[in-house]
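Have a look at the structure below before the remarks.
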Amino acid sequence: MQSIGVLALQGGVAEHATILRKLNFNVIEIRTPDVLNSISALFLPGGESTTLLFLMNRWGLTEPIQRMGENGFPIFGTCAGAVLLSSSISEMGHEIKQESLHLADVKAIRNYFGRQTRSFIEDLSIQGLENTFRGVFIRAPLLQPLSERVDVLSSVDDGPVLIRQDNLWLSSFHPELTSDDRLHRLFLERSGLLSREE
Ligand code: GLN
């Protein structure tokens with residue numbers, strides 16, 4: 001059985017783990033770098049990106065994950081996880097200097113859908129999925145492509161909310177907060193870890 005890692009320092013870890021177990025993967029919660037070599041893909045969950053990065057630095061996870069991402073390892077970041085994968089980060093309303101893993105050519109505008117009243121649910125059309133997917137947005141970032149290497153797989157009126165750059169997938173919304181496993185599947189299929197369902 002293949003193992004998939006979920007960064008387990010803070011945020012929505014259990015929900016990703018539940019979906020991955022249902023898809024018959026072994027889930028390894030990542031808190032230290034020593035287990036990174038036993039996984040075939042990695043999820044960076046939602047939560048709070050500055051806290052996540054602080055804890056990743058503290059536990060020596062930033063550099064190893066950065067290297068894996070640069071070397072083609074499949075990583076899916078959801079919400080705060082997507083902010084972490086982006087090469088540039090700004091805050092809605094003002095510029096900020098926030099560090100990240102700088103892996104995908106994307107500018108993440110943090111808290112773009114920031115106010116409580118702008119947390120919302122929208123049925124999204126996603127490239128690669130036949131029917132719409134329920135997107136749950138909670139203080140979500142807008143993802144702006146910065147190069148041609150980036151494929152936009154889904155957008156709302158304000159701009160892109162699901163992006164793929166080769167091995168890296170970034171979603172503004174939380175696919176783990178629905179019982180729908182299709183986006184996890186799509187990522188794992190495209191990463192060669194799951195065969196396509198007929
Ligand atoms: N606003 C958070 C951040 O930028 C992300 C929110 C979330 O993951 N639901 O870190």
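Counting from 1, the numbers follow the sequence of the chain as shown. Every value quoted in this text rests on a predicted model; they were computed, and no experiment measured them. For ligands, and for the atoms within them, numbers begin at 1 and follow the listed sequence.
Under a 4.0 Å heavy-atom criterion, P141 is not in contact with ligand 1.
Partner of F43 under the side chain to side chain contact (heavy atoms under 4.5 Å, CB included) criterion, out of I19, I4, I30: I4 alone. For the side-chain hydrogen bond (donor to acceptor under 3.5 Å, both in side chains) criterion with H16, the lone passing option out of E29, H184, H174 is H184.
Of the protein's heavy atoms, S49 N, 2.6 Å lies nearest to atom 10 (O) of ligand 1. Counting only heavy atoms of the protein, atom 1 (N) of ligand 1 lies nearest to N111 OD1, 2.6 Å. Nearest protein heavy-atom contact of atom 5 (C) of ligand 1 is G47 O, 3.4 Å. The protein non-hydrogen atom at the shortest distance from atom 7 (C) of ligand 1 is C79 SG, 2.9 Å. Closest to atom 4 (O) of ligand 1 among all protein heavy atoms lies R110 NE, 2.7 Å.
Considering both main-chain and side-chain atoms, V83 never comes within under 3.5 Å of ligand 1 through any nitrogen or oxygen pair. On a distance-only criterion, H174 and ligand 1 share at least one N/O pair closer than 3.5 Å. Any N or O atom pair closer than 3.5 Å counts here, and I138 shares at least one such pair with ligand 1. In terms of polar-atom proximity, T78 is not counted as a contact of ligand 1, lacking any N or O under 3.5 Å from an N or O of the ligand.
Classification of D151 and R164 as a salt-bridged pair fails, no side-chain N sitting under 4.0 Å from a carboxylate O. Look at K22 and D181 and you find no salt bridge, because none of the NZ, NE, NH1 or NH2 atoms lies under 4.0 Å from a carboxylate O.
Counting the atoms of ligand 1 from 1 in the order shown, those under 4.0 Å from a heavy atom of E48 are 10 (O). The G46 neighbourhood of ligand 1 comprises atoms 8 (O), with distances under 4.0 Å to a heavy atom of that residue.
In terms of heavy atoms, L9 sits closest to W59 at CD2-CD1, 3.8 Å.
Of the possible donor and acceptor atoms, one in the side chain of T62 sits under 3.5 Å from a partner among the backbone N and O of N57. Of the possible polar contacts, one joining the E48 side chain to the T51 backbone as a donor-acceptor pair under 3.5 Å is found.
Within 6.0 Å of the CD atom in E70, the count of heavy atoms belonging to other residues, nucleotides or ligands exceeds 12.
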